[in-house]
Every structure is written in structure tokens, then in C-alpha cells.
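Have a look at the structure below, then the notes.
Remember, it's a predicted structure, so these values are computed and weren't measured experimentally. Counting starts at 1 for both ligands and their atoms, in listed order.
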Amino acid sequence: MQKKILTIKSKKNKSKIICLTAYSKNIASIIDKHCDIILVGDSLGSVLYNFSSTKTVTLDMMIEHSKSVRMGVKKSLMVVDMPHNTYRNPKEALSNAKKIISKTKCDAIKLEGGKKVLQIIKTLIKNKIPVMGHLGVLPQSATNFKFKGKETAERKIILRDSKLLEEAGVFSIVLECVESSLAKEITKTVKVPTIGIGASAYCDGQVLVTDDLIGLNKIKARFVKRYSNIEKQINDAALKFKKDVVTSKFPTKKYSY
Ligand code: KIV
């Protein structure tokens, strides 16, 4: 198993795992030093392309964005989401995962689901492709984005799925919008790290969409904490540029040939 994956696994019960998304080289290179994992999430469909869901994100979109991100990631483990309808059976999943890895040089892939995708995950791992699991709210198949784990039956399924994913050999599991006490139970039960988004501080690590974190994306979700207001900074810079151009303060001789 590659060293970066072992490092992530070894953090369980020792130190928190930091994961952020990136869709381009410039963002990736800024956040790389602070992250353990950089995820090229298929959330790029809604965040960058205004799609109503991640279902319309294509393999080519993921590959092109990941190629850009690769140029900015030096230290972190780089994980790429397999988009919807690219892993409907083990053969399709293996061919597409190999394509993602060979074209983007990422370290691992992530896919959504539990028991339903177990054979697919086993096939990928058997072929030495590191897999990150994803349970709870599964945006590629969700009909709503309500948190998971309120009902006993649902809790049992998610807990069972987390054990199945662990047995299949995933190196970590994203828990998206999972009720706190269930996230705690899963984190205690499985030996691989859990990475939460809207799944409480009990998880072994946390992931956020960087565009949400910096205030570039206008999403209003309970699990999003905004750490900066980059929109204001871009707005102020554009406004200053406009004023300088209108008043002929830019470009001066210094900026001319
Ligand atoms: O697509 C994505 O960005 C994700 C994270 C929110 C976990 O899957």
C-alpha cells in the first residue's frame, strides 16, 4: 500500500485528518500544505457548473479538473470522485478508475454507496486501486439532502455498510450528513478513519468544499462554516481596477512597454 495511504490510516485515534476539495491548480497549491487529503469532488458540478445535481458530471470533466489539481498537489493524498454512471458494474468501474488514475496520476478514487457497490469496491481494491468510501447522504442518488440516521432501520444499514466497506478494504470512509451519535458509533466500530461532512466532531477527520469555506459559493447548509469572504476581496479588487482604468490611473508607465 502506498505510503500516503498508510499515513492517513495511521492517523486514526491519533490526529485529525484534514481534507478539502479543489477543482484547479491554483486553489490546490494554496491549500496543499494544510491538508492531508485533497479531494477533486464531483461537487464541482453544482459549485462550478450550476448543475442541479452531481448526476450530470462526466468522467471527462473529472479528468480535466483533476489534471489541473495534480499540478498543485505536492504533499497531500489526491483523491478523485468517480462520477455518477461510471461504476455501474465491476468491469465498467475498473476500466474508468484505471482511466482516471492513468490520466490524472491521482492517488485514490472515491465512490458512493455501501452494500450495493461492494463487489465494485472489491474489484478495484483487488486491482490495487485505493478506494475511499462514502456513506450517509449520497448526492449521486439522493432524492433529498436530509441528514441520515434518525430512524433505527436506517442507522443499522449505514453501520452495516461501514463494516462492509472496511472489510472490503477501503482506506477511509466519508460520512456525509450523518447523525452525530451514529457517526460516533461508526468511528468507534471501524478501524479505518471516518471523514465527516455534517457528521459531527466524532469523526476522525473533516472535509469541506473549499468554495464554501472561502465564501465563493453561496450554499446555505448547516454544516458549512465560512472562514473567509473571498467574494468581497475579488469585488474590491475588480472595483479598484475599474476605477483606475476609468480615471486613467492604470496602466502607468511602469506597466507599459
Ligand atoms: O463531491 C464532493 O465534494 C464530496 C465531498 C463533499 C465529500 O463528495
Salt bridge (Lys or Arg N to Asp or Glu O under 4.0 Å) between K67 and E64, worked out: CA-CA 5 Å; K67 277 160 61 180; E64 290 312 311; 3.2 Å; yes

T86 side, atom OG1; L111 side, atom CG - distance, nearest 0.5 Å: 8.0 Å

Proximal ligand 1 atoms for H134, defined as those under 4.0 Å from one of its heavy atoms: 8 (O)

T21: numbered ligand 1 atoms lying under 4.0 Å from its heavy atoms: 3 (O)

Q206 side chain vs I18 backbone, donor-acceptor pair below 3.5 Å: no

Atom indices of ligand 1, in the order listed, that fall short of 4.0 Å to a heavy atom of K110: 4 (C), 8 (O)

Residue D81 vicinity, atoms of ligand 1 by number, heavy atom under 4.0 Å: 1 (O), 2 (C), 8 (O)

For atom 6 (C) of ligand 1, the protein heavy atom that lies nearest, with its residue and separation: I197 CD1, 3.7 Å

Minimum-distance protein heavy atom relative to atom 4 (C) of ligand 1: L39 CD2, 3.6 Å

Spacing of H134 atom NE2 and D81 atom CG [to the nearest 0.5 Å]: 7.5 Å

Carboxylate-amine/guanidinium contact K12 D204, below 4.0 Å: yes

Residue D42 vicinity, atoms of ligand 1 by number, heavy atom under 4.0 Å: 1 (O)

Side chain to side chain contact (heavy atoms under 4.5 Å, CB included) between K11 and K16, intermediate numbers included: CA-CA 7 Å; K11 282 181 169 268; K16 292 278 185 183; over 6 Å; no

Residue G41 vicinity, atoms of ligand 1 by number, heavy atom under 4.0 Å: 1 (O), 2 (C), 3 (O)

Member of K146, R155, K150 meeting the salt bridge (Lys or Arg N to Asp or Glu O under 4.0 Å) criterion with E179: R155

Atoms in ligand 1 flagged as close to S43, the criterion being non-hydrogen separation under 4.0 Å: 1 (O), 2 (C), 3 (O)

